[in-house]
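For reference, the structure discussed in these notes is given below.
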Amino acid sequence: MKIVGIEKVKKIYKTQFPFTTNIALKGIDFDVNENEIFGFLGPNGAGKSTTLKIIMGILKPTEGNVEIFGSNIKEKSVRERIGFLPENPSFYPFLTAYETLEYVGKFFNIKKEILNDRIKTILSFVGLEKNLYSKVGTFSKGMIQRLGIGVALINDPELIVFDEPMSGLDPLGRKDIKDIILMAKKRGKTIIFSTHILPDIEMIADKVCVINKGNIVGIGYLQDIIKKQIKEIDIEIVNNEDIIKELDILKDGFKFYSVREKKIYITVEKESLAEDIVDLVNRYKGKILSFIPREYSLEDYFMKLVNRE
């Protein structure tokens, strides 16, 4: 089932003075299906935040059509089914974590007894159970981010939209956020999150959408994008003069070749060439220290698309 549909969406920013035009989105198309983790990937300034704000109805597209649950984001019944974390969440510093969630929860007309239990559950879920009654003004960047996720979840949304949820967090904080996203998927939620950090996408996303300079330059399911193919093979050999003489004949086919004191370092892209090197080393009774095949990664896919643009 399709949850989000984006069709030919353009966004043009115009300023009065100086008179300039910036085309942030150039007619993008993509769909997000039910119970997917949809990773929106791109460099800074690529158009990720603009797209998410259009999905949320914060910005209006200059052209194109956006459907959420088959309807328009303007409808209250649609907005009640969505949770949103902006890139830089900000809250009243004089309220506690509990009061912040209580304040937001009241907008959804959640019954007091249900809201009370839900707030405590959510704060525990995002790792703020010990800060239930701490003033938000005393919170660190990571704690603010966790509270922002709590706010996004207070209405138990079906669609969760996170804009750079791991931004500015330490490795432990980033792991916790990724665990929260995976747990939300297990509960049947659909999650869209943007990032420019490749490992975050590679670890948890089902589907990846790469945007650059306002264009969708690549989209697909992760298992299709990262095909189990050998990209290159790194070989490390004990230095041997006879082997070097033979390798000098083959070296034009190497991606990398270096002789340093007691070791020979080679990188090749063809498996057949790697096999020839192994045969050569065995023939001269040499010693292979390491033989490491490297598969294609999301980084290879991303860099290929971005460099092409």
Side-chain angles (χ1 to χ4, degrees), residues 37 39-44 46 164-179 181-182 185 193-212 217-309:
I37 299 178
F40 208 40
L41 179 64
N44 291 328
E164 300 278 1
M166 278 76 86
S167 176
L169 298 181
D170 60 25
L172 182 60
R174 284 173 55 195
K175 180 186 181 302
D176 288 344
I177 301 303
K178 285 181 274 191
D179 288 345
I181 291 173
L182 290 170
K185 176 182 168 64
F193 78 100
S194 68
T195 185
H196 59 273
I197 303 171
L198 288 159
D200 292 340
I201 292 274
E202 197 162 2
M203 287 180 70
I204 63 175
D206 299 311
K207 196 173 185 179
V208 177
C209 179
V210 181
I211 186 169
N212 189 36
V217 294
I219 188 168
Y221 288 98
L222 202 60
Q223 69 268 23
D224 297 328
I225 290 171
I226 308 175
K227 296 178 180 177
K228 296 298 181 181
Q229 297 177 353
I230 300 299
K231 174 191 174 186
E232 58 191 28
I233 300 168
D234 293 334
I235 307 172
E236 186 179 340
I237 306 166
V238 172
N239 198 343
N240 179 304
E241 289 186 6
D242 292 329
I243 292 175
I244 289 175
K245 289 178 183 178
E246 296 283 350
L247 289 175
D248 284 340
I249 300 171
L250 301 173
K251 67 181 181 181
D252 288 343
F254 300 166
K255 184 177 180 181
F256 177 80
Y257 178 55
S258 176
V259 179
R260 303 177 195 171
E261 297 181 355
K262 298 181 180 180
K263 295 179 182 179
I264 305 168
Y265 300 91
I266 304 170
T267 300
V268 297
E269 295 177 312
K270 295 181 179 179
E271 291 184 58
S272 59
L273 186 53
E275 291 171 359
D276 290 341
I277 294 170
V278 172
D279 291 341
L280 171 62
V281 173
N282 290 333
R283 190 163 67 246
Y284 285 97
K285 297 182 179 180
K287 185 176 182 181
I288 296 175
L289 297 174
S290 65
F291 186 97
I292 305 173
R294 302 191 185 280
E295 296 178 341
Y296 281 95
S297 67
L298 182 60
E299 181 179 5
D300 298 316
Y301 176 76
F302 176 77
M303 295 305 298
K304 180 180 178 181
L305 293 174
V306 171
N307 289 334
R308 187 175 67 193
E309 285 290 298

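Shown here are the side chain to side chain contact (heavy atoms under 4.5 Å, CB included) partners of Asp206, two or more places apart in sequence or in another chain: Glu36, Ile37, Lys185. Listed by chain and residue number, Lys287, Leu289 satisfy the side chain to side chain contact (heavy atoms under 4.5 Å, CB included) test with Val238 (two or more places apart in sequence, or in another chain).
Nearest heavy atom pair, residue Gly39 against residue Ala205, reads N-CB, 4.1 Å. Taking each heavy atom of Asp242 and Asn240 in turn, the nearest pair found is N-OD1, 2.9 Å. Shortest non-hydrogen contact noted between Gly42 and His196 is O-CB, 3.2 Å. Residues Ile233 and Pro293 share a closest heavy-atom pair of CG1-CA, 4.1 Å. Nearest heavy atom pair, residue Ala46 against residue Asn212, reads CB-CA, 3.9 Å.
Contact annotation: the side chain of Phe193 approaches that of Ile204 to within less than 4.5 Å [non-hydrogen atoms, C-beta and beyond]. For the pair Leu247 and Phe254, the minimum side-chain heavy-atom distance is below 4.5 Å.
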Tell me which donor-acceptor pairs under 3.5 Å the side chains of residues 270-284 have, and how far apart each pair is, sequence neighbours excluded?
unit_1	atom_1	unit_2	atom_2	d
Asn282	ND2	Val278	O	3.2
Tyr284	OH	Glu246	OE2	2.9

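To the nearest 0.5 Å, atoms CG (Leu182) and CE (Met203) are separated by 8.0 Å. Atom NZ of residue Lys175 and atom CE of residue Met166 lie 12.5 Å apart, to the nearest 0.5 angstrom. To the nearest 0.5 Å, atom NZ of residue Lys207 and atom CD1 of residue Ile219 are 5.0 Å apart. Note that OH of Tyr265 and CD1 of Ile235 are 13.5 Å apart. Values are rounded to the nearest 0.5 Å.
Judged by distance alone, with hydrogens and angles left aside, the side-chain atoms of Ser194 form a donor-acceptor pair with the main-chain N or O of Glu164 at under 3.5 Å. Between the side chain of Asn239 and the backbone N or O of Glu261 there is at least one donor-acceptor pair closer than 3.5 Å.
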